[in-house]
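Hydrogens, waters and symmetry mates are skipped; everything else that's a heavy atom, side chains included, is used. Order of the sequence lines sets the chain letters (A, B, ...), proteins ahead of strands, with each chain counted from 1. Given the structure is predicted, the values throughout are model-derived calculations rather than measurements.
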Amino acid sequence: MRFIIAQKEKSVIEKIVSLAKRKGFVFQSSEIYGGLNGCWDYGPLGVELLKNIKEEWWKAMTYRDDVEGLDASILMHPKVWEASGHIANFSDPMIDCKQCKTRYRVDTLGDSIAEKKKKKIIAKFEENLSAEKKDVLKSIYEIHTELDAQFEAILENKEIAFDLLSEINCSKCGTKGQFTEPRNFNLMFKTFVGPVESEDNTVFLRPETAQGIFVNFQNVQSSSRQKLPFGIAQIGKAFRNEINTKNFLFRTREFEQMEMQYFVNPTTDKKHYDEWKERRINWYKNLGMDLENLRFHDHPADKLAHYAKEATDIEYKFEFGWGEIEGIHNRTDFDLSRHQEFSGKSQQYFDEELKEKYIPYIIETSAGASRSFMAFLVNAYHEEEVNGEQRVVLKFHPKLAPIKAAIFPLVNKDGMPEIAKEIQDELSSHLRVFLDSKGAVGRRYRRQDENGTPFCITVDNQTLEDRTVTVRERDTMEQERVSINSLLMYLINKFK
RNA sequence: GCGAGAGUAGCUCAGCUGGUAGAGCACUACCUUGCCAAGGUAGCUGUCGCGGGUCCGAGUCCCGUCUCUCGCUCCA
């Protein structure tokens, strides 16, 4: 009996990573130095695609009378992150069981241990403790008298936590004394304002753009004279020091968000939440995302984040599974209340119509620009067979395509290159176009297919007679004759 | 962070048990053809991810490290 090992089919993601590199969509960051984990650079075509995605989002979200734009600073006052809950929730000490590799949050480790067992563990732990450490323990006992609180406090104390851990069994595999030392996982990047590195001037790179909007709520509202309901939109980079990165652009440490926070009267939250859900999924649909690859994933009530009353994700079906590309949350008045509390500045809004003051509720639509980029790229990727040959084509929506049209002289003689150049000059002040005269025309079509260019304009023999060109559509590969004079309008209509 | 696999030209890869690197495509120039890629001729391209070690000699063996992919874990 012989085993035939089938050659592993390359995953779509691998194909896309290599296509992205070959065509100049995405490169690995610092590649010549071996790369930096989870960091990627957008190349010539990638930056166009990303820019187009952001532009379409910006148009859809801010070209309306109830949404204003904003571009807040990446560095913010450290108190912002205390108010937002990021400092408290973002820095849990974790331990791993070396035996079975299970990871635990140290602060919740005690929850699953029975009281009787806890007593036993502590007794054994006290027995083996050095005199010096016993003093530490004493001071803890002075503050905490309850067993559970004592247990937790010991685990929170860096000096003696490990001694207690070595008496605890892993609840999964039962092994004792195999826990790693507690390590802090702070997901925020830390840096310093000014040249001196000290605790006092520590600041964080924002882990989300939303807080920049919350703290500017009143500035924007009063300067733009907006009345509720209204929103503030922002596109910008955010940073999270993730434990590990994954899946190409999907989980990275530096990423770009497209966020809109919509401020509403608390009694109308449900209505606005539903409306924005609908608008946001339609945005993806209208830009050509396949329906079967899109879905809402509602967060069950018991899994909601600390700030949310209702939450749903718009997910795209990647090869690795459904992945969130946008979150829509009803954040209630959590954020503004917290900022009011921490800053001491009122965040209330006076509603002229109702003659009442209240802290607005916030409906948030938080889209990942980088994740959308990846979803649009994956969604556009098609392998087709044309006359027995494989054709790779990126079927971007024309609005997203990095290059809108390519211009080819059929042959490099009889004045065709000159006419092609003329057309390029005319179109290029309106659209991003590309002139290519290298190689057989069929090959040039294919090259543009891989770039996702929706239209190819060819100058041929007939052009010399009647000033018309052929326009070849990317997906159908069908051609249409258009006169050079009306070419610009013809194309512009295609991008509406 | 753990486990598995991978890293050789811009891309896809070959290189058997160690003897200082190859193919196809791409790219450049010229010729030829002329509407759905890969005709001809010539040419360019690599300290074999990085750093150590063993050896007379390392792409090949050993150790470390970085990066990517997959599976866990994590994802407020």
Sequence neighbours excluded and cut-off under 3.5 Å, please list the side-chain donor-acceptor pairs for residues 392-408 of chain A, or say none.
residue: A/K395; atom: NZ; partner: A/E384; partner atom: OE2; Å: 2.5
residue: A/H397; atom: ND1; partner: A/K399; partner atom: N; Å: 3.0
residue: A/H397; atom: NE2; partner: A/N286; partner atom: O; Å: 3.4
residue: A/K404; atom: NZ; partner: A/P398; partner atom: O; Å: 2.9
residue: A/K404; atom: NZ; partner: A/K399; partner atom: O; Å: 3.0
residue: A/K404; atom: NZ; partner: A/A401; partner atom: O; Å: 2.9

Of the candidates B/C75, B/A37, B/G71, the side chain of A/R446 sits closest to B/A37

What parts of residues 470-478 of chain A reach RNA chain B, counting only heavy atoms under 4.0 Å away? A/T470, A/R472, A/M477

Kindly assign one of parallel, tilted or perpendicular to the pair A/F318 and A/F320, based on the angle between their ring planes and the thresholds 30° and 60°. parallel

Using atom P of each nucleotide, how far apart are B/A6 and B/G53 to the nearest Å? 25 Å

Kindly determine whether A/K51 and A/E48 satisfy salt bridge (Lys or Arg N to Asp or Glu O under 4.0 Å), including the steps that lead there. CA-CA 5 Å; A/K51 187 205 70 186; A/E48 289 291 332; 3.1 Å; yes

Base paired to B/A37 (Watson-Crick or G-U; both N/O distances under 3.5 angstrom): none

Short side-chain N/O contact from A/K21 to OP1 or OP2 of B/C11, under 4.0 Å: yes

Looking at B/A76, B/C36, B/C75, which one has an atom nearest to any side-chain atom of A/E208? B/A76

Would you please name every residue forming a salt bridge (Lys or Arg N to Asp or Glu O under 4.0 Å) with A/R371, sequence neighbours left out? none

If every non-hydrogen atom of A/P360 is compared with every non-hydrogen atom of A/L336, which pair is closest and at what distance? CD-CD1, 3.7 Å

Without hydrogens or angle criteria, can the side chains of A/Q347 and A/H339 be said to hold a donor-acceptor pair below 3.5 Å? no

Nucleotide opposite B/C74 in a Watson-Crick or G-U pair, distances under 3.5 Å: none

Please give the distance between the P atoms of B/U8 and B/G51 as a whole number of Å. 16 Å

Between B/U28 and B/C55, how far is it from one C1' atom to the other, in whole Å? 42 Å

Roughly how many Å is it from NZ in A/K246 to P in B/C75, rounded to a whole number? 13 Å

Mind calculating the distance between NE2 (A/H297) and P (B/C75) to the nearest angstrom? 15 Å

Under 3.5 Å, is there a donor on one side chain and an acceptor on the other for A/E256 and A/S370? no

Given atom NZ of A/K15 and atom P of B/C13, what is their separation to the nearest angstrom? 11 Å

Using Watson-Crick or G-U wobble geometry with both distances under 3.5 Å, which nucleotide pairs with B/C27? B/G43

In whole angstroms, the gap separating P of B/U69 from CG of A/N247 amounts to 7 Å

Would you mind listing every salt bridge (charged side-chain N to carboxylate O under 4.0 Å, His left out) that reaches into residues 33-42 of chain A, with sequence neighbours excluded? none

Distance, C1' atom - from B/C70 to B/C30, rounded to whole angstrom: 48 Å

Per A/R22 side chain, nearest of listed nucleotides B/C35, B/A76, B/C11: B/C11

Once you round it to whole Å, what is the distance between P of B/A38 and OH of A/Y445? 14 Å

Measure CZ/A/R251 against C1'/B/C74 and give the value in whole Å, please. 7 Å

Report each atom pair, protein N/O against N/O of nucleotides 25-31 of chain B, whose distance is under 3.5 angstrom.
residue: B/A26; atom: OP1; partner: A/R443; partner atom: NH1; Å: 2.6
residue: B/A26; atom: OP1; partner: A/R443; partner atom: NH2; Å: 3.3
residue: B/C27; atom: OP1; partner: A/R447; partner atom: NH1; Å: 2.7

Of all residues at least two apart in sequence or in a different chain, which pass the salt bridge (Lys or Arg N to Asp or Glu O under 4.0 Å) check with A/K79? none

Those residues that, when tested against A/N330, pass side-chain contact (heavy atoms from CB on, under 4.5 Å) (two or more places apart): A/D269, A/Y273, A/K309, A/E310, A/T332, A/Y361, A/I363

From CG of A/D436 across to C1' of B/C36 the rounded distance in Å is 14 Å

Give the rounded distance in Å between these two atoms: CZ of A/R331 and P of B/A76. 12 Å

Base paired to B/C56 (Watson-Crick or G-U; both N/O distances under 3.5 angstrom): B/G19

When the C1' atoms of B/C36 and B/A21 are compared, how many Å lie between them, rounded to an integer? 37 Å

It should be established whether A/N412 places a side-chain nitrogen or oxygen under 4.0 Å from OP1 or OP2 of nucleotide B/G34. no

For nucleotides 65-67 of chain B, give me every protein contact, N/O to N/O, under 3.5 Å, one pair per line with atom names.
residue: B/C66; atom: O2'; partner: A/G34; partner atom: O; Å: 3.4
residue: B/U67; atom: OP1; partner: A/N37; partner atom: N; Å: 3.0
residue: B/U67; atom: O4'; partner: A/G34; partner atom: O; Å: 3.0
residue: B/U67; atom: O3'; partner: A/Q28; partner atom: NE2; Å: 2.8
residue: B/U67; atom: O2'; partner: A/Q28; partner atom: OE1; Å: 3.3
residue: B/U67; atom: O2'; partner: A/Q28; partner atom: NE2; Å: 2.6

Keeping to residues at least two apart or across chains, list the salt bridge (charged side-chain N to carboxylate O under 4.0 Å, His left out) pairs with something in residues 477-494 of chain A. A/D460-A/R481

Give A/D460 one of three labels, base, sugar-phosphate or nothing, depending on what nucleic acid heavy atoms sit under 4.0 Å from its own. base

Whole-Å P distance, B/A38 and B/C25: 11 Å

Can you check the distance between B/U12 and B/A29, where both ends of the measurement are the C1' atom (answer in whole Å)? 25 Å

Counterpart base for B/U65, defined by Watson-Crick or G-U wobble contacts under 3.5 Å: B/G49

Looking at residues at least two apart in the chain, or sitting in another chain, which of them share a side-chain contact (heavy atoms from CB on, under 4.5 Å) with A/S428? A/V433

Between B/C74 and B/G5 - P atom distance, rounded Å: 24 Å

Applying side-chain contact (heavy atoms from CB on, under 4.5 Å), name anything that partners A/E422, two or more places apart in sequence or on another chain. A/R467

Taking only residues two or more places apart in sequence, or in another chain, which ones meet A/E254 in a side-chain contact (heavy atoms from CB on, under 4.5 Å)? A/K237, A/F239

Taking for each residue the nucleotide of RNA chain B with the nearest heavy atom, is it A/V411 or A/F248 whose nucleotide lies nearer the 5' end? A/V411

Partner of B/A14 under the Watson-Crick or G-U wobble criteria, both distances under 3.5 Å, comes out as none

